Trainee: 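Sharing a structure here in structure tokens format.
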Amino acid sequence: MQKNISVGDVVSILIPRCEFMPITALGALKAGCVYQPLDSTYPPERLNFMIKDADAKLLITTKKLRNLITDFTGEILFIDEIPHAEKISLPQIMPEDIFILLYTSGSTGVPKGVKLKHKNMVCFINWYKKFYNLTEKNCVGSYASFGFDANMMDTYPALTCGAAICIVPEEIRLDLEAMNKYFEENQVTHAFMTTQIARQFATDIENQSLKYLSSGGEKLVTLNPPKNYNFYNGYDPTECTIFTTIFKVKKAEANIPIGKPLDNVKLYVVDQNFNRVPIGACGELWVAGLQVGAGYLNRPEKTAEVFIKNPFDDGEYSNAYRTGDIVRYRADGNIEFIGRRDGQVKIRGFRIELSEVEAVIRQFDDIKEVTVQAYDYANGGKFIAAFITSDKQINVVELTAFIKIQKPAYMVPAVIMQIDKIPLTINNKIDKKHYQNPNLNTQSMWLPPTSLKKIFATFLRKFSIWKKLELKMISLNLAAIQFWQ
């Protein structure tokens, strides 16, 4: 069937996890269009906004998911109609044409669309196949969500060299044992997982089929790498086409680097005056080269702010992207991730990195996962809270004492909660919005358990998906640290 679309039009794709993810994307690309992958678990309001913002001309979906879209009046193609579609003549596609439109969270709370070009993807694909020794004999496990940039890494390198793709079923994506069985049955050799999932898989699961497992999306904390396959830590701003740097984890170390740049990528670490800093000094990371995207859709001011002309190179690396991330070069040429330019937290006048507190807590016996969040006191100032998971009940007094041994008092969490699991976003990153401010009474040195339960009752009711979370133990440590058991 002939649809009224032209070269450069946006095709929105809203489908479940299935073989039609690569099929529909390739169809849109071969027609010279830009595809916009959408995740069906997003709220309808967000989905409708993204389609409208993209000015999509065609929506590919299913009859069931069609009901999520209320504001779209353009043409619709249901996936059960695709097998009966006739062949059409294909337009010529140029390197500068837009390949994909990916939406990321915006600082204003409104999603913004990142435009990546065909040439951006060609550079990444060529690097991936060479770096990971990908051939037609391999099988790639497609783990990432369709609307996540890593889905392109799961898909296009394999398709361009004849490798197989196994799309991990939705129902086992958080079941590591089931996913491991799926990998081994299908002889999956290459896979990517978001940082939290990849770390747990690498440390808890013995896999016999993988050759390469890569992680990315968040800061990777120390771990003993698996023995049966290679484990990589990647750094992946969407604006620079998936990975920008890569590091092979060979041993446990306190601060795992994000590594060195990919082919066709140059990195610069600059100070607030845009001067390059020496090795060991902290600064903002700039990325330049052929993987830097084309900017944000309908956001000219934001595009001009972060997509800039490279003052250090006017050749192939003339386009640069300001990441907003603070890093530093090590003497061996690898880069360490420090934090966001605006992500530091000030506690009692001292600046701290929350990841540093997380790293200490992970060293405590029987801790599985941890996230530390910062909150505001009602009368000013901040405090930090730690959320932990474990198969055993953790003695919070002992954990707090353990932290105090290694860190100053201002880095000791005012609240420690043991919960059943760390809430994750659809892309399996830590879902920070689910950690509501405990609104502690700063006049009190401690609160009894009954009061603490009331504090979080609203949180559990509001987010019904987490009602099963069990409040097991809380510790409050204020100015004159006191504890309750």
Side-chain angles (χ1 to χ4, degrees), residues 12-27 35 37-43 47 60-68 78-80 82-83 102 132 134 138-159 162-217 226 228-229 231 242 369 420-431 465 468:
S12 299
I13 305 174
L14 177 62
I15 59 177
R17 289 183 67 82
C18 63
E19 70 276 13
F20 280 100
M21 292 194 302
I23 291 172
T24 53
L26 285 174
Y35 84 98
L38 302 172
D39 199 303
S40 60
T41 61
Y42 285 165
L47 292 171
I60 303 176
T61 187
T62 65
K63 291 180 174 64
K64 181 179 180 180
L65 295 177
R66 171 66 180 92
N67 296 327
L68 295 176
F78 295 111
I79 60 173
D80 57 4
I82 292 176
L102 289 166
Y132 290 103
L134 185 70
N138 297 127
C139 179
V140 178
S142 180
Y143 173 85
S145 300
F146 189 42
F148 189 32
D149 63 349
N151 181 264
M152 298 187 294
M153 175 166 55
D154 293 343
T155 303
Y156 297 108
L159 291 179
I165 301 173
C166 284
I167 299 174
V168 179
E170 182 65 41
E171 60 270 19
I172 68 170
R173 289 177 70 232
L174 296 180
D175 186 338
L176 300 188
E177 292 287 353
M179 189 159 57
N180 183 52
K181 181 180 179 182
Y182 179 84
F183 280 178
E184 292 182 344
E185 288 178 346
N186 291 281
Q187 288 300 294
V188 171
T189 56
H190 296 63
F192 164 86
M193 301 176 196
T194 49
T195 304
Q196 297 292 325
I197 303 299
R199 183 181 183 277
Q200 188 174 352
F201 189 94
T203 55
D204 295 349
I205 302 297
E206 291 188 10
N207 178 275
Q208 303 301 321
S209 68
L210 283 174
K211 294 182 178 179
Y212 304 93
L213 175 60
S214 302
S215 68
N228 295 339
Y229 54 87
F231 186 79
I242 321 173
E369 295 295 336
D420 288 341
K421 63 179 181 179
I422 301 294
L424 302 175
T425 67
I426 183 61
N427 291 326
N428 293 310
K429 296 183 181 181
I430 293 175
D431 195 349
I465 192 173
K468 294 182 181 179

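This one's a predicted model, so the numbers in the text were calculated from it and none came from an experiment.
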Trainee: Cationic tip of Lys211 within the cone over Tyr229's six-membered ring, i.e. under 6.0 Å and within 45° of the normal?
Mentor: no
Trainee: Would Glu184 and Lys181 pass as an ion pair if we require N to O under 4.0 Å?
Mentor: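 Salt bridge flag = no for Lys181 with Glu184.
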Trainee: Does Asn138 offer a backbone N or O that forms a donor-acceptor pair with the side chain of Thr189 under 3.5 Å?
Mentor: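 No, because the side chain of Thr189 does not come within donor-acceptor range (under 3.5 Å) of the backbone of Asn138.
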Trainee: What's the spacing between Asp154 CG and Ser145 OG if we round to 0.5 Å?
Mentor: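 Rounded to the nearest 0.5 Å, the CG-OG separation comes out at 10.0 Å.
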Trainee: Answer yes or no: is there a side-chain heavy-atom contact under 4.5 Å between Ser215 and Phe201?
Mentor: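 No, their side chains stay 4.5 Å or more apart.
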Trainee: Roughly how far, to the nearest 0.5 Å, is CG of Leu65 from CD1 of Ile13?
Mentor: 13.0 Å
Trainee: Yes or no on side-chain hydrogen bond (donor to acceptor under 3.5 Å, both in side chains) for Tyr35 and Ser12, after CA distance, side-chain angles and deciding distance?
Mentor: CA-CA 6 Å; Tyr35 84 98; Ser12 299; over 6 Å; no
Trainee: Looking only at non-hydrogen atoms, find the nearest pair between Gly147 and Leu102 and report the distance.
Mentor: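 Reported closest heavy-atom pair: O-CD2, 3.7 Å.
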Trainee: Could you walk me through whether Leu424 and Ile197 satisfy the side chain to side chain contact (heavy atoms under 4.5 Å, CB included) test, starting with their C-alpha distance in whole Å, then the side-chain angles of each, then the deciding distance to 0.1 Å, before giving a yes or no?
Mentor: CA-CA 10 Å; Leu424 302 175; Ile197 303 299; 3.9 Å; yes
Trainee: Is atom CD of Glu206 surrounded by more than 12 heavy atoms (other residues, nucleotides or ligands) closer than 6.0 Å?
Mentor: no
Trainee: Measure across Pro169 and Arg173 and return the closest heavy-atom pair with its distance rounded to 0.1 Å.
Mentor: O-CG, 3.3 Å
Trainee: Looking at every heavy atom in both Phe192 and Tyr143, which two are closest together, and how far apart are they?
Mentor: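 In this case the closest contact between Phe192 and Tyr143 is O-CB, 3.3 Å.
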Trainee: Going through the checks in order, is the side chain to side chain contact (heavy atoms under 4.5 Å, CB included) test met by Gln187 and Ser209?
Mentor: CA-CA 5 Å; Gln187 288 300 294; Ser209 68; 4.2 Å; yes
Trainee: May I ask you to establish whether Arg66 and Phe78 are in a cation-pi arrangement, using a distance under 6.0 Å from NZ or CZ to the six-membered ring centre and at most 45° from the ring axis?
Mentor: no
Trainee: For a 4.5 angstrom cut-off between non-hydrogen side-chain atoms, does Leu134 reach Val140?
Mentor: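 Sidechains of Val140 and Leu134: in contact.
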Trainee: For Asn151 and Ser142, what are the C-alpha separation, side-chain angles and deciding distance, and is it a side chain to side chain contact (heavy atoms under 4.5 Å, CB included)?
Mentor: CA-CA 7 Å; Asn151 181 264; Ser142 180; 3.8 Å; yes
Trainee: How close do Ile242 and Ala150 get, heavy atom to heavy atom, and via which atoms?
Mentor: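 For Ile242 and Ala150, the tightest heavy-atom pair comes out as CG2-CA, 4.4 Å.
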Trainee: How long is the straight-line distance from CG of Leu176 back to OG1 of Thr203, given to the nearest 0.5 Å?
Mentor: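 The distance works out to 8.5 Å.
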Trainee: Identify the heavy atoms of Leu68 and Ser40 that sit nearest to each other, and give their distance.
Mentor: CD1-O, 3.8 Å
Trainee: Would you say Arg17 and Phe146 make side-chain contact, with heavy atoms under 4.5 Å?
Mentor: no
Trainee: Are Met21 and Ile167 packed together at the side-chain level, in the sense that at least one heavy-atom pair is separated by less than 4.5 angstrom?
Mentor: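 In short, these two side chains touch, coming nearer than 4.5 Å.
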Trainee: Is there a side chain to side chain contact (heavy atoms under 4.5 Å, CB included) between Glu369 and Arg199? Walk through the geometry before answering.
Mentor: CA-CA 10 Å; Glu369 295 295 336; Arg199 183 181 183 277; 4.0 Å; yes
Trainee: Could you measure the distance from the CD atom of Glu185 to the SG atom of Cys166? Nearest 0.5 Å is fine.
Mentor: 10.5 Å
Trainee: Which pair of non-hydrogen atoms, one from Asn207 and one from Leu210, has the smallest distance, and what is that distance?
Mentor: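 Taking every non-hydrogen atom into account, OD1-N, 2.6 Å.
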Trainee: At what distance, to the nearest 0.5 angstrom, does CE of Met179 lie from CD1 of Ile172?
Mentor: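 Between Met179 CE and Ile172 CD1, I get 7.0 Å after rounding to 0.5 Å.
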Trainee: Considering only heavy atoms from C-beta outward, does the side chain of Asp39 approach that of Phe148 to under 4.5 Å?
Mentor: no
Trainee: Mind checking whether His190 and Tyr212 have parallel, tilted or perpendicular rings, split at 30° and 60°?
Mentor: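 Tilted, since the angle between the ring planes falls between 30° and 60°.
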Trainee: State the CG-OG1 distance between Leu14 and Thr62, to the nearest 0.5 angstrom.
Mentor: 7.0 Å
